[in-house]
Amino acid sequence: MKSITVRLRAFIIVVLALALCAVALVVSFLSTGWITPVVNHYAEPYKAKVEHLELAWNPLTLKIEGLNLGEGPQALSLEKLQVRTGWGFLFGQPLELFIQLEDGAIGYQQSGQKGQSTTAPEWSVAGLSLTEWQKLVEGDQADISQTPTPSESLSSGVKSEDNAPALPAISLNSLQLKNIRLNSNQKGLPSIRVERLLVGPLATYSTEQNTSLKLDLATAGGTLSIDGTAKPLAKTPKFDLHINLKNMTFNQAWLSQLPEPLSVRLASELRLQVQIPVSTRKNAPFNPRAKVTGNVQLSALSWQQAPYGLEVEEIRVNELSLEKNNQENTPAFDLSVQALHITAFNLANAAEPNLVAAFEALTLEQFFASILAEGKGQALGSEKLALSGIKLNLALNPKKPNITLSLDHLGYQDMTLVSVQDNNKAQESAVEDGTLGDNAVLRVNGFKLEDLGLVLPDLNYQLEQAAVSGLSFVKQGDQQQLITGDSLVSGGKLSYQLAAKTPGEKQATEVDSSAADAPSPQPTIAENDSSTIANTTFIATGQRLTVKQHQIAFRDMNLPEPPLTRIELNEFNIEQLRWPMTQRQPWQTEFWLNGQSHWQFAGGFQLEPLKLDLKGHQKGLALPDLTPYSQHYAEVVFEEGSMNNNIEFEIKPKRLKGDIGLTLFNPELRLEGKQSKQNIPLSMAFSVLKDSNGKVELSIKLDKEGEELTVGTKAIIKELLVTASQKGAVSYLKYMLQPYGTLMSIGDLGKKLAQSGTIPLERISFAPLQADLTEQQKDYASKIELILKDKSHLRMSYCLYPAAEENVLLQQEIPDADKARQAINDLNQQRLNAWRRLFAESGFATRLNQCSKPDPKASVERETYISLLLKS
């Protein structure tokens, strides 16, 4: 028995040895390779062609050279394909694969599916759609021309974990691709060259094992590199990838889906982390968790969409972090940016070259945003915003000139916004519809703008600085509240022209002096404002608003020779800002008018109900400043004189109470036109009112209420005129209360000074186009001030005589005759303001008398000068 077993064992060994020898011979024969070409004409829909095939037995290796699959531009071609494995799979060990592809090409395009309309596009690779490839890989023998759509195919392939077949034990130890080209066979699709792809290991029996991935692509004139790890077969697939893009230029020649014509160069370094929960439920939502971090840089951005064109030099995002969560009770999206920079932004309109939106640079630092799932709320904020070099050209009406806005700097510090949706209401996403949630809080620590420029028709405004501290906005349901701290607006220059009205407009607005003003209906406003507050959906409060150091230049183009009026606003304050204005808001102001008239007022103001009170005084108003306006609108000419006034005023609903004290110093005036017949009674009235020093004092008291008065601008003026008529100076005071009463200028000078009782002084001469006074001229003014101080009964009269030569000089610089004439008028106005400001600041404003017009018979000399006379 034992010998039989030994012989059987020996026989088996001999048979195995012979079998191994036979296999060795076959493998040895095969390893020498088959002489090609080898062509397969039966593998429809593909034809395969191989130039060289080689099989090695240790390790088991298949080498293919010159492989071609398919025909036409989408065919797959490979210079080299090598698949290597070991023999362990014959003994139950996992199948280990090493795959290497080099120097190949494959074509692709986007087209409609077979048997379906082109409205359902699908990608086609190497001649087959992705759905058809799926059928081939799955070994489905059904007619691939009747394949379902990709979504149907993928969803039908989802199986429950209980019925899912176990994957074979396969380990892809290494997958290497080198110089593989993905060629676009359709215009507007990108061509891509895979310079290198390394994947492995990837095992079906160790799904939680990390698989390394390295990919280098060349496309769009640049490179894309990906380096990282992945778990594609895990229960929750995970990817952790470093992505580096260098100098990639995207335009429609690269991808037709991009807007035409768009061009941008991209250079970025990112890290992408993705987790994809896999659900066995049919049609389960795709809800991955992802996070992107890194830096992004876009440059040379150009976009044209007729008639608009956009140019951006650079967009740079530093330390970007964008995270999408799929867990409950966590934000759906989290975004943070260390710094965002945008340089040289310019949006233009080819059809309207004057319409431009541009800025030099934008910097946003420490920005963050969190958005809750299902539209429950959002939170965002940033530490700092700086926007510089802003320019905006607009046209509110195509038939009128454009509006230009320029801004050197705009910024804020420490901004946060939190918006929460009310759970008791319908869940409407605040992000999707662009509105805030039911409850929202916005806070900004500081807001500031610098060097603002605004140009409109007939208006030019320049501002050095505006700042707001402690700004907060709170929304609770339908109630909204804005809260600010101190607000400052400083260093402004405003130039404004009142446009000339057409004859039809003048006829409609000018009212005959004899006509009575009809009371205008006013809305009835309750004294108790509690109901108003209860029904208000928007409330604004603030601590203090300050406007300071503003220069205002005004010109009324309705006048024959429009004078220039200058207001120097030292300061304007409003305390305890409120909206709606249901409480008294204290205010005060101080300003100079034309360098001589000093105004100081304070009071309170509210709108609901309308209440206004003011108290203050004005000193040193030159009466000839009124002549250009009064002569045009009221036919009143002021020859000489100045004025002080004290005003105390109070307006309440259907109640007017006021006390106005006017003090006129040496007034000389006359009436023109229809009112000239009142010159004699007017002269008599002033003769009675003048004291021995030529001073006239008028006191006007008003106290009207109920049916006696309807509060409104016209009604106030009417009441003042009626009261003032009792003093015998109707025409004079009527002009003073016109809307232009606070906007006065010298205008052209005329009317010679009286010659008797005068002491001529040395005149003030100006060099050609000289605007400011010299130190010698200022010293001369100080000597005159000593005389006025010592002789209190004296006053100084002055008159400006412009030189004709300056007109010639300005016309050489300004060809437009009207603009040159206006420029010389502005220059002379500036000279007068500078001269009389010296005396006004020393307290002699009321002792300055300016002639209304220079003597036309006076000799015209080669230099502009101010004649000076001392009068008793």
Are any of the side-chain heavy atoms of Ser124 and Gln74 separated by less than 4.5 Å? yes

Between Leu471 and Leu482, does a side-chain contact (heavy atoms from CB on, under 4.5 Å) hold up when you go through it step by step? CA-CA 7 Å; Leu471 184 148; Leu482 177 65; 4.2 Å; yes

Work out which heavy atom in Ser388 is nearest to a heavy atom in Phe359; give both atom names and the distance. O-CB, 3.6 Å

Flag side-chain contact, heavy atom, 4.5 Å: Leu545 against Asp486: no

Looking at Thr219 and Ser191, would you say the former's side chain and the latter's main chain have a donor-acceptor pair under 3.5 Å? yes

Which heavy-atom pair separates Ile180 from Asp103 by the least distance, and what is that distance? CD1-N, 3.9 Å

Using a distance-only test with no angle check, is there a side-chain donor-acceptor pair under 3.5 angstrom linking Gln297 and Asn295? no

Give me each pair satisfying salt bridge (charged side-chain N to carboxylate O under 4.0 Å, His left out) with a member in residues 237-259, each pair once, sequence neighbours excluded. Asp240-Arg271

Taking NZ, NE, NH1 and NH2 as the nitrogens, is one of them in Glu464 or Lys493 under 4.0 Å from a carboxylate oxygen of the other? no

Minimum heavy-atom separation for Gly453 to Gln462, with atom names? CA-OE1, 3.6 Å

Do Ser336 side-chain atoms and Phe368 backbone N/O form a donor-acceptor pair below 3.5 Å? no

From CA spacing to verdict: side-chain contact (heavy atoms from CB on, under 4.5 Å), Gln481, Thr541: CA-CA 8 Å; Gln481 184 177 11; Thr541 60; 4.3 Å; yes

Heavy-atom distance under 4.5 Å between the side chains of Leu335 and Glu323, does that happen here? no

Looking at Arg443, I want to see if its CZ is surrounded by more than 12 non-hydrogen atoms of other residues, nucleotides or ligands under 6.0 Å. no

Would you please say whether a donor-acceptor pair under 3.5 Å links the side chains of Glu311 and Ser302? yes

Going from CG on Leu81 to CG on Leu177, what distance comes out if it is rounded to the nearest 0.5 angstrom? 9.5 Å

Is there a side-chain contact between Leu241 and Leu215 (heavy atoms, below 4.5 Å)? no

Out of curiosity, Thr211 OG1 to Phe239 CZ, how far, rounded to the nearest 0.5 Å? 9.5 Å

Heavy-atom closest contact (Pro277 atom, Pro288 atom, distance): CD-CA, 4.0 Å

Using every non-hydrogen atom in the two residues, find where Leu340 and Val337 come nearest and quote the distance to one decimal. N-CG1, 3.9 Å

side-chain contact (heavy atoms from CB on, under 4.5 Å) partners for Tyr496, two or more places apart: Leu459, Leu498, Phe554

Strictly by modelled atom types, are Asn68 and Ser77 linked by a side-chain donor-acceptor pair under 3.5 Å? no

Are more than 12 heavy atoms from other residues, nucleotides or ligands located less than 6.0 Å from atom CD of Gln476? no

Give the minimum heavy-atom separation between His409 and Gly411, together with the two atoms involved. NE2-N, 4.0 Å

Are any side-chain N or O atoms of Ser382 and backbone N or O atoms of Gln366, one a donor and one an acceptor, separated by less than 3.5 Å? no

Can you list the steps and then say if Gln100 with Glu102 is a side chain to side chain donor-acceptor pair (under 3.5 Å)? CA-CA 7 Å; Gln100 183 177 354; Glu102 294 183 6; 2.4 Å; yes

Check: Leu322 main-chain N/O paired with Lys291 side-chain donor or acceptor under 3.5 Å: no

Side-chain donor-acceptor pair under 3.5 Å between Asp216 and Ser225, yes or no? yes

Can you check whether Ile276's main-chain N or O pairs, donor with acceptor, with Thr236's side chain at less than 3.5 Å? no

Any chance the side chains of Tyr461 and Ser495 put a donor and an acceptor closer than 3.5 Å? no

